[in-house]
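What you see below is based on every heavy atom in this structure, not just the backbone, and it leaves out hydrogens, waters and symmetry mates. Just so it is clear, the model here is predicted, and its values are computed rather than measured. We name chains A, B, ... by the order of the sequence lines, and we start the count at 1 in each one.
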Protein chains: 2
Amino acid sequence: MPRIRHKQLDCSPGCAVEATLELIDGKWKGVILFHLLQGTLRFNAIRKLLPNVTQRMLTAQLRELEQDGFVLRTVYAEVPPKVEYSLTERGRSLEPVIMALKHWGDAHAYFEKKTASPEVFAAVAE
Amino acid sequence: MPRIRHKQLDCSPGCAVEATLELIDGKWKGVILFHLLQGTLRFNAIRKLLPNVTQRMLTAQLRELEQDGFVLRTVYAEVPPKVEYSLTERGRSLEPVIMALKHWGDAHAYFEKKTASPEVFAAVAE
DNA sequence: CATGACGGTATCATTTCCGATACTATGGGC
DNA sequence: GCCCATAGTATCGGAAATGATACCGTCATG
């Protein structure tokens with residue numbers, strides 16, 4: 001479901017860059033990983049953090065992250081259901097990457113307001 | 001033409017991660033940036049480095065990188081045409097990000113062979 | 001016995017991406 | 001006159017990613 005994995009080693013030295021990119025690409029994976037770096041989260045907790053992701057997409061992204069060995073999915077046999085998502089060792093190994101993305105974003109990206117005052121660009125600040 | 005830019009600040013703290021990701025996402029941008037980190041390149045030189053990218057795509061990706069302020073496009077009024085691509089200051093500021101991606105890929109990614117011997121996974125080595 | 005919480009699936013429509021292919025301009029060399 | 005090189009554009013179509021919406025099962029509560 002994600003972008004096709006590298007079928008051939010078609011980009012020689014830079015290939016590693018693309019390979020990594022493909023794994024964490026996918027509209028919401030970056031943010032999900034970022035939030036999971038801060039600790040285990042339940043399904044609906046993640047939903048609240050990503051207000052604009054549909055349930056369908058969130059499930060799909062989490063499943064891919066799980067298949068790629070980045071997150072661990074723990075289901076508790078309770079009612080109502082309880083499912084926790086946490087990072088695996090491999091998932092945590094992405095921390096430098098995620099942090100590099102975040103730092104660059106904080107320092108250089110800007111976000112466009114689509115509503116009114118088109119000249120307003122807000123600097124990132126948390 | 002790239003993925004839609006963030007129209008709303010819809011992912012709070014992790015937003016910077018996604019924002020950066022969107023800018024360097026796009027099938028070939030990562031590798032292109034990686035190669036340009038090593039120096040200025042002409043259009044066809046890049047093509048040779050990315051044997052599987054079509055002319056159409058390469059042009060598109062370079063145009064986006066240009067619009068995002070990462071690369072500088074210099075056209076020489078010669079015949080046959082000569083166009084050089086180099087990184088801008090902003091482009092070079094991505095170096096830590098690209099390098100983080102590359103290092104992770106070198107250390108953790110593996111590439112699938114699509115032909116035969118399905119159990120063979122080659123470790124990355126340049 | 002209807003409702004809500006939680007964590008999903010299923011199905012369909014749309015948007016976006018990307019590849020294949022063909023075409024263009026110009027001047028120099030044969 | 002024809003071909004070549006360079007750096008593109010234009011057009012078409014298919015595949016993949018994403019969004020919208022509706023539905024499911026179970027127990028607890030009212």
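When the P atom of C:dG28 is taken as reference, atom NZ of B:Lys82 falls 17 Å away, rounded to whole Å. What separates CD of A:Glu84 from C1' of C:dC6 is a distance of 13 Å, to the nearest Å. Distance CD (A:Glu64) to C1' (D:dA17): 10 Å, rounded to an integer number of Å. What separates CG of A:Leu41 from C1' of C:dC6 is a distance of 15 Å, to the nearest Å. Separating the CD1 atom of A:Ile46 from the C1' atom of C:dG7 is a distance of 12 Å, rounded to the nearest angstrom.
Checking the phosphate oxygens (OP1, OP2) of C:dT26, no side-chain nitrogen or oxygen of B:Tyr76 falls inside 4.0 Å. OP1 and OP2 of C:dA5 both lie 4.0 Å or more from every side-chain N or O belonging to A:Asn44. Within the 4.0 Å cut-off from OP1 or OP2 of D:dG19, at least one side-chain nitrogen or oxygen of A:Trp28 is found. Residue A:Lys27 places no side-chain N or O under 4.0 Å from the OP1 or OP2 atom of C:dT16.
Counting atom types as modelled, A:Arg56 pairs a side-chain N or O with a base atom of D:dG19 as donor and acceptor under 3.5 Å. Between the base of C:dG27 and the side chain of B:Glu78 there is no donor-acceptor pair shorter than 3.5 Å.
Here the side chain of B:Arg47 pairs no donor or acceptor atom with the backbone of B:Asn52 at under 3.5 angstrom.
Heavy-atom minimum distance, B:Glu84 versus B:Tyr76: OE1-OH, 3.1 Å.
In the set C:dG8, C:dC6, D:dG8, the nucleotide with an atom closest to the side chain of A:Phe43 is C:dG8. When distances run from any side-chain atom of A:Met57 to the nucleotides C:dA20, D:dG19, C:dG8, the shortest one goes to D:dG19.
Each of A:Val79 and A:Arg73 lies near DNA chain C, and the nucleotide nearest A:Val79 is the one positioned closer to the 5' end. For the pair A:Pro81 and A:Arg63, both in contact range of DNA chain C, the more 5′-proximal nearest nucleotide belongs to A:Pro81.
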I'd like to know whether B:Phe70 forms a side chain to side chain contact (heavy atoms under 4.5 Å, CB included) with B:Leu33, so could you lay out the CA-CA distance, the side-chain angles of the two residues, the decisive distance to 0.1 Å, and finally the verdict. CA-CA 8 Å; B:Phe70 295 136; B:Leu33 288 169; 4.3 Å; yes
